[in-house]
Amino acid sequence: MTSQIHDITPKQKGRRVASVVFFSIIFCSVGRISPEFIPIEVGGLVANQVILVLLFIVATVLLLLGKRFESISTPFFFLVLCLCAWASLSSVWSLAPTTALTKSFSYFLVLTSAAYVAQHLSVAEIMSVGFWATLTIVLLSAVLAIALPDSAGSTLFHDGAWRGLFMQKNVLARAAFLLAAFAMVLLFSKDGKHRITCYLALILAVFITIRSQSVTAFIGIIAMFVVLPVMLKFLSLSRQWRYLFFAVIIGILSIFWLDMLLLLPELAIMLDRDPSLTGRVPLLDFALYHMRLSPVLGYGLEGFFSEYYAEPFFSMYGWAPEHAHNGLIDLALELGAVGLSLFLMVFGLFFIRIPASAERLSVISVAMCACVFVIFAQNVTESNLFRPTNMIWILFLVLGLRSYVEEPIIGVRVVSRHG
């Protein structure tokens with residue numbers, strides 16, 4: 001009995017430490033917290049980004065000290081490593097080589113940090129930690145927005161749009177969207193605890209997206225209620241049919257992204273919004289034009305939306321963008337067709353790694369499907385793809401690596417309509 005206690009205790013401690021580290025990473029990786037609330041900046045990084053880098057270092061050290069590398073010795077890890085290496089190499093032709101090299105190093109830290117979390121936490125624990133972390137962020141932001149309507153309750157150029165803790169309203173909307181995704185996964189799982197809390201969190205997420213005035217997040221949450229169950233149904237297909245389904249999805253997404261300059265303005269008009277989508281449409285046109293000028297290598301990490309390329313856009317439209325407001329276009333601009341191809345290989349491997357059975361769907365199946373949907377929904381008019389301090393990329397890595405670590409079977413069946 002004593003020996004059993006000694007065997008279990010280090011593992012339990014490891015899980016608790018991993019839970020605290022992951023909670024902190026999620027809390028700090030949603031987006032940049034406004035310096036007016038935490039007035040600390042180091043080298044252009046705001047307080048939560050500085051803390052996030054320190055957390056990545058801690059997680060990497062803990063991974064090395066633990067000497068467990070099951071999630072590292074996997075094809076998924078190797079492909080992501082190749083993508084990170086290509087990003088690092090792109091600093092050679094980037095217009096901002098020093099910044100690019102520094103940023104590329106953080107990609108490796110994020111990858112090893114994700115491996116650490118994947119080694120120690122089950123997917124049910126990952127989802128639970130993510131849920132409570134995003135719920136904490138959203139609640140704090142709501143309280144701030146109500147208490148400080150002229151600052152946290154309003155955004156520059158969007159009067160009355162809640163931004164909460166963050167510098168921009170769309171970041172708060174992203175946090176609400178991610179909260180909804182975590183809540184959906186927990187509700188689908190039979191062992192999901194705090195079901196009433198999850199339902200309340202979904203209501204809160206919808207309310208926050210409305211108050212943030214983010215059309216992308218609002219449509220994303222509503223669409224998730226329909227799309228996620230459909231995706232889970234497809235998991236009962238054989239592996240060959242899933243390959244075909246993935247190919248069809250890639251084709252549809254490619255057509256959608258190519259036609260977005262025509263589709264998005266029409267959608268905006270239908271919703272009685274600015275047909276330029278607050279400048280996104282001319283920005284995408286500008287980005288696509290320059291993408292064709294350097295299609296293979298791209299402009300290098302941090303090499304496009306630097307002062308050089310922001311200047312001509314600013315002279316035409318009066319504002320300087322930080323990204324293209326589309327994840328795939330941003331990736332192609334920085335890393336070219338080579339980087340984009342590497343990412344699609346990583347994404348494809350993630351998709352086909354989703355566990356499936358005609359009779360049983362595990363928590364990881366639901367979580368990975370939700371992650372695929374979130375990546376798509378958050379990268380049409382926003383850019384949350386392959387960013388080292390972004391929660392969506394971190395979650396994608398954690399789940400992809402965790403899919404190679406054995407999951408317990410008991411207590412993870414998905415609830416059917418009939419319970």
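The chain is numbered in sequence order, starting from 1.
At least one donor-acceptor pair under 3.5 Å links the side chain of Arg163 to the backbone N or O of Phe166. In terms of modelled atom types and a separation under 3.5 Å, the side chain of Ser88 and the main chain of Cys84 share no donor-acceptor contact. Judged by distance alone, the side chain of Gln378 and the main-chain N or O of Ile375 form no donor-acceptor pair under 3.5 Å. Judged by distance alone, the side chain of Ser365 and the main-chain N or O of Pro355 form a donor-acceptor pair under 3.5 Å. Ser128 places no side-chain N or O within 3.5 Å of a backbone atom of Ala124 that could act as its donor or acceptor partner. Judged by distance alone, the side chain of Glu125 and the main-chain N or O of Ser122 form a donor-acceptor pair under 3.5 Å. Checked by atom type and distance alone, the side chain of Ser113 pairs as donor or acceptor with a backbone atom of Phe56 at under 3.5 Å. Put simply, the side chain of Thr74 gets close to the backbone of Ser71: a donor and an acceptor are under 3.5 Å apart. The backbone N or O of Arg353 lies less than 3.5 Å from no partner atom in the side chain of Ser403, so there is not a single donor-acceptor pair.
A heavy-atom distance below 4.5 Å is found between the side chains of Phe76 and Leu397. Counting only heavy atoms from C-beta outward, the side chains of Leu135 and Thr197 approach each other to under 4.5 Å. Inter-residue side-chain proximity for Leu385 and Leu328 is flagged as met; some heavy-atom pair is nearer than 4.5 Å. With contacts defined as side-chain heavy-atom distances shorter than 4.5 Å, the pair Leu62/Val17 qualifies. When side chains are defined from C-beta on, Val117 does not count as touching Arg402, because their heavy atoms never get closer than 4.5 Å. Taking 4.5 Å as the limit, some side-chain heavy atom of Arg292 sits within range of a side-chain heavy atom of Leu288. Contact annotation: the side chain of Val46 approaches that of Asn48 to within less than 4.5 Å [non-hydrogen atoms, C-beta and beyond]. Side-chain contact between Leu165 and Ile38 is absent, with no heavy-atom pair separated by less than 4.5 Å.
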Check the pair Leu204, Leu202 against side-chain contact (heavy atoms from CB on, under 4.5 Å), reporting the backbone distance first and the verdict last. CA-CA 5 Å; Leu204 176 64; Leu202 283 173; over 6 Å; no
Under the criterion side-chain contact (heavy atoms from CB on, under 4.5 Å), I'd like the reasoning laid out for Leu301 against Ser91: C-alpha separation, chi angles, the key distance, then a yes or no. CA-CA 6 Å; Leu301 206 61; Ser91 62; 5.9 Å; no
Check step by step if side-chain contact (heavy atoms from CB on, under 4.5 Å) holds for Tyr116 and Thr60. CA-CA 7 Å; Tyr116 164 72; Thr60 300; over 6 Å; no
Test log, rule side chain to side chain donor-acceptor pair (under 3.5 Å), inputs Asn379 and Asn384: CA-CA 6 Å; Asn379 284 282; Asn384 301 293; 4.9 Å; no
side-chain contact (heavy atoms from CB on, under 4.5 Å) between Leu399 and Met127: does it pass, once the steps are laid out? CA-CA 10 Å; Leu399 291 176; Met127 291 294 103; 4.1 Å; yes
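Separation of atoms CG (Leu333) and CZ (Phe286) is listed at 9.5 Å; rounding is to 0.5 Å. Summarising the geometry, atom OG belonging to Ser212 is positioned 5.5 Å from atom CG belonging to Leu172; distances are rounded to the nearest 0.5 Å. Going from atom CZ of Arg174 over to atom OG1 of Thr216 covers 11.0 Å, rounded to the nearest 0.5 Å. Here the CD1 atom belonging to Ile72 is positioned 7.5 Å from the OG1 atom belonging to Thr112, to the nearest 0.5 angstrom. Between Gln168 atom CD and His158 atom NE2 the span is 6.5 Å, to the nearest 0.5 Å. Put simply, CG on Leu55 and CG on Leu109 are 11.5 Å apart, with the number rounded to the nearest 0.5 Å.
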Tabulate below the donor-acceptor pairs under 3.5 Å that side-chain atoms of residues 144-156 make, not counting sequence neighbours, or state none.
unit_1	atom_1	unit_2	atom_2	d
Ser154	OG	Asp159	OD1	3.4
Ser154	OG	Gly160	N	3.1
Thr155	OG1	Ala161	O	2.8

Using residues 217-228 as the side-chain source, report each donor-acceptor pair under 3.5 Å to any protein atom, sequence neighbours left out, with the distance given to one decimal.
none

For residues 20-35, run the donor-acceptor check on the side chains, cut-off 3.5 Å, and write out each pair with its distance to 0.1 Å, sequence neighbours left out.
unit_1	atom_1	unit_2	atom_2	d
Ser24	OG	Val20	O	2.9
Ser29	OG	Ile25	O	2.8
Ser29	OG	Ile26	O	3.3
Arg32	NH2	Glu322	OE1	3.0
Ser34	OG	Glu36	N	3.4
Ser34	OG	Glu36	OE2	3.3

Ignoring hydrogens and angles, write down the donor-acceptor pairs under 3.5 Å from the side chains of residues 335-349, residues two or more places apart or on other chains.
unit_1	atom_1	unit_2	atom_2	d
Ser341	OG	Ala337	O	2.7

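Minimum heavy-atom separation, Val374 to Ala181: CG2-CB, 3.9 Å. Minimum heavy-atom separation, Ala205 to Ala180: CB-CB, 3.9 Å. Listed here is the closest heavy atom pair of Leu232 and Cys369: CD2-SG, 3.9 Å. Closest heavy-atom contact between Ala18 and His120: CB-CB, 3.6 Å. Between Leu121 and Arg15 the shortest heavy-atom distance is CD2-O, 3.6 Å. Here the closest heavy-atom approach between residue Ala118 and residue Val398 is recorded as CB-O, 3.8 Å.
Residue pairs meeting the salt bridge (Lys or Arg N to Asp or Glu O under 4.0 Å) criterion with at least one member in residues 99-122, sequence neighbours excluded, are Lys103-Glu302.
Here the two rings, on Phe304 and Tyr299, have centers that are under 6.0 Å apart.
In this view, Phe373 satisfies the ring-ring contact (aromatic ring centres under 6.0 Å, His included) rule with no residue, not counting sequence neighbours.
Aromatic ring pairs are classed by plane angle as parallel below 30°, tilted from 30° to 60° and perpendicular above 60°; the pair Tyr107 and Phe386 is parallel. Taking the six-membered ring for Trp and thresholds of 30 and 60 degrees, Trp162 and Phe207 have ring planes more than 60 degrees apart, a perpendicular arrangement.
The 12-atom threshold is not exceeded at CZ of Phe105, counting heavy atoms of other residues, nucleotides or ligands nearer than 6.0 Å.
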